Protein chains: 2
Amino acid sequence: MAFEYEYARPALAVDCAVFGLDESLKVLLIERGLDPFKGSWALPGGFVEMDESLDEAARRELEEETSLNNVFLEQLYTFSEPDRDPRDRVISVGYFALVRLSDHRLQAATDANDARWFDVKKLPKLAFDHAKILQMAKERLQSKVRYQPIGFELLPKKFTLRQLQQLYEVVLERELDKRNFRKKILSMGILKELEEIESGVAHRAARLYRFNKTSYQQLTRQGFNFEI
Amino acid sequence: MAFEYEYARPALAVDCAVFGLDESLKVLLIERGLDPFKGSWALPGGFVEMDESLDEAARRELEEETSLNNVFLEQLYTFSEPDRDPRDRVISVGYFALVRLSDHRLQAATDANDARWFDVKKLPKLAFDHAKILQMAKERLQSKVRYQPIGFELLPKKFTLRQLQQLYEVVLERELDKRNFRKKILSMGILKELEEIESGVAHRAARLYRFNKTSYQQLTRQGFNFEI
DNA sequence: CCAAAAGTGTTCTCCATACACCCATGC
DNA sequence: GCATGGGTGTATGGAGAACACTTTTGG
């Protein structure tokens with residue numbers, strides 16, 4: 001290594017706050033098998049390797065520990081308090097991720113690691129400073145979902161307007177007016193109305209929609225700003 | 001070290017994009033005295049020590065390299081491409097900072113290190129991936145200045161409404177209507193109108209104002225949201 | 001008295017909000 | 001035929017945008 005900097009280095013990790021949605025907002029936690037915090041619940045994550053970027057590390061750890069791949073993933077913040085890990089100096093880059101529970105529900109629950117979805121309002125005590133990371137991730141989700149169309153990452157590919165509205169109601173923790181919501185979201189022109197309707201409901205079936213990413217990108221280039 | 005994780009570790013650095021404002025938006029760069037990129041301009045920054053947080057490292061490096069202290073400083077993003085430093089694996093946590101040029105103008109320009117303010121629209125070629133860091137910092141500034149009252153960090157403590165308007169015009173790169181701007185900002189109730197007026201101008205002198213942080217915090221608690 | 005910027009009021013349009021009823025379907 | 005949610009229209013108020021003139025001061 002042709003490099004004069006030879007001081008001690010902190011270890012570097014990534015931790016992922018993975019959100020899913022059903023009736024409430026859920027987060028994926030794994031039970032730690034080793035000390036420190038053996039038996040506690042923690043965010044999935046692990047150490048960064050020398051030849052991978054942080055995004056790659058986050059995706060790799062997520063796949064290894066929870067079998068999730070191909071999820072929406074975004075860097076959140078880097079946590080660096082010197083005493084945040086009792087073993088050694090460990091700096092952790094927090095990520096937040098969104099997954100479709102409709103696609104991944106059973107898989108994660110039956111994984112070999114003990115991974116489980118928890119209601120974000122009924123969390124166990126978390127290892128390290130993971131409660132702080134999760135808190136920040138939740139705040140980021142709440143603000144970002146309002147000005148970027150990331151909420152669709154939490155819904156099935158085909159969804160009803162009611163499902164979409166409920167997504168915002170659950171994430172933002174407040175009720176929305178049905179008529180105004182529909183008017184607003186439809187007027188954006190970023191949804192593709194499908195021919196299909198939902199099935200298996202004991203009342204009038206709702207029309208299904210799909211997020212039209214192409215239209216969204218087109219509109220964005222023309223100065224459109226998504227906002228709920 | 002009672003710790004089973006003994007793999008190679010990336011080095012960890014911080015880099016700061018420091019903004020100032022006069023007629024245009026400025027950024028503070030330092031000339032590198034050592035390879036790699038000897039003679040190039042770069043963001044101030046350096047390696048993180050084992051007993052300090054990233055925020056502390058950023059403040060320490062800023063003080064060491066540019067004599068700036070007590071500035072508005074906020075973590076931006078962590079940059080981790082494996083080849084971003086040709087010497088070795090170095091991960092860098094980017095920060096963005098805002099300073100009052102009115103207080104710091106001469107100091108930084110005459111520092112022993114060769115530090116200079118550059119117009120963000122007339123930048124030299126930057127070392128490493130610092131152009132990317134700076135680009136992201138500028139975007140963050142442009143979006144954050146609209147929904148958080150951080151712009152005041154760039155102005156003198158006492159300022160005229162015109163100065164405040166120009167700040168937004170320069171940062172957002174678009175013109176604002178004078179009457180509407182004044183109406184809006186005054187109606188927020190976060191400025192304290194001073195008895196003083198500006199001096200040394202060859203026309204009617206404008207009233208001076210001060211940002212009232214206490215009022216802002218009070219209003220925020222009541223649900224107020226700053227927005228330009 | 002002139003140049004230069006400070007300071008102010010009104011109109012119009014559009015969008016967010018609030019709100020109530022009919023429609024389609026499964027059971 | 002009834003319960004359940006799907007789906008729609010309209011009136012109101014408030015805020016943003018557009019716009020022009022008077023006032024004050026220094027030179």
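Chain naming here is simple, since letters A, B, ... match the order of the sequence lines and numbering starts at 1 in each. Computation of the quantities below employed the complete heavy-atom set of this structure, encompassing side-chain atoms and omitting hydrogens, waters and symmetry-equivalent molecules. In this text the structure is predicted, and so the values were computed from the model without any measurement.
- Screening residues 145-163 of chain B for salt bridge (charged side-chain N to carboxylate O under 4.0 Å, His left out) gives B/Arg100-B/Glu153, B/Lys158-B/Glu196 as the qualifying pairs, with residues at least two apart or on separate chains.
- Between A/Phe152 and A/Phe159, the ring centre distance stays below 6.0 Å.
- The side chain to side chain donor-acceptor pair (under 3.5 Å) check on B/Gln165 picks up B/Glu169, with sequence neighbours excluded.
- A donor-acceptor pair under 3.5 Å is absent between the side-chain atoms of B/Arg140 and the main chain of B/Phe96, judged by distance alone.
- The backbone N or O of A/Lys132 lies less than 3.5 Å from no partner atom in the side chain of A/Asp129, so there is not a single donor-acceptor pair.
- For DNA chain C, the residues of residues 193-208 of chain A within the heavy-atom distance limit of 4.0 Å (strictly under) are A/Val201, A/Ala202, A/His203, A/Arg204, sorted by number.
- The minimum heavy-atom distance linking A/Gly20 with A/Leu154 is given by the pair CA-CD2, 3.9 Å.
- Sorted by first and then second residue, the salt bridge (charged side-chain N to carboxylate O under 4.0 Å, His left out) pairs with a member in residues 204-215 of chain A read A/Glu193-A/Arg207; sequence neighbours excluded.
- For the pair A/Gln142 (side chain) and A/Val171 (backbone), a donor-acceptor distance under 3.5 Å is present.
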Check your understanding: Along nucleotides 8-16 of chain C, 5' to 3', which nucleotides get a B, which get an S, and which get a -, given that the test is a protein heavy-atom distance under 4.0 Å?
Key -> BBB-----S
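- Scanning residues 218-228 of chain A for heavy-atom distances under 4.0 Å to DNA chain D yields an empty list.
- Listed by chain and residue number, nothing satisfies the ring pair (Phe, Tyr, Trp, His ring centres under 6.0 Å) test with B/Tyr95 (two or more places apart in sequence, or in another chain).
- Listed by chain and residue number, B/Glu173 satisfy the salt bridge (Lys or Arg N to Asp or Glu O under 4.0 Å) test with B/Lys121 (two or more places apart in sequence, or in another chain).
- On the nucleic acid side, DNA chain D has its first and last nucleotide under 4.0 Å of a heavy atom of chain B at D/dG16 to D/dG26, going 5' to 3'.
- Within residues 162-176 of chain B, the residues having any heavy atom under 4.0 Å from DNA chain C are, by residue number, B/Arg162.
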Compile the donor-acceptor pairs under 3.5 Å between side chains in residues 215-228 of chain B and protein atoms, sequence neighbours left out, one pair per line.
unit_1   : atom_1 : unit_2   : atom_2 : d
B/Ser215 : OG     : B/Asn212 : OD1    : 3.3
B/Ser215 : OG     : B/Asn212 : ND2    : 2.9
B/Thr220 : OG1    : B/Tyr216 : O      : 2.8

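- Judged as a side chain to side chain donor-acceptor pair (under 3.5 Å), and not counting sequence neighbours, B/Glu31 has no contacts.
- In this structure, A/Lys26 and A/Leu101 approach most closely via the heavy-atom pair CG-CD1, 4.3 Å.
- Under the 4.5 Å side-chain criterion, counting only non-hydrogen atoms from C-beta, A/Val14 is not in contact with A/Ser92.
- The CG atom of B/Leu43 sits 10.0 Å away from atom CD of B/Glu65, with the distance rounded to the nearest 0.5 Å.
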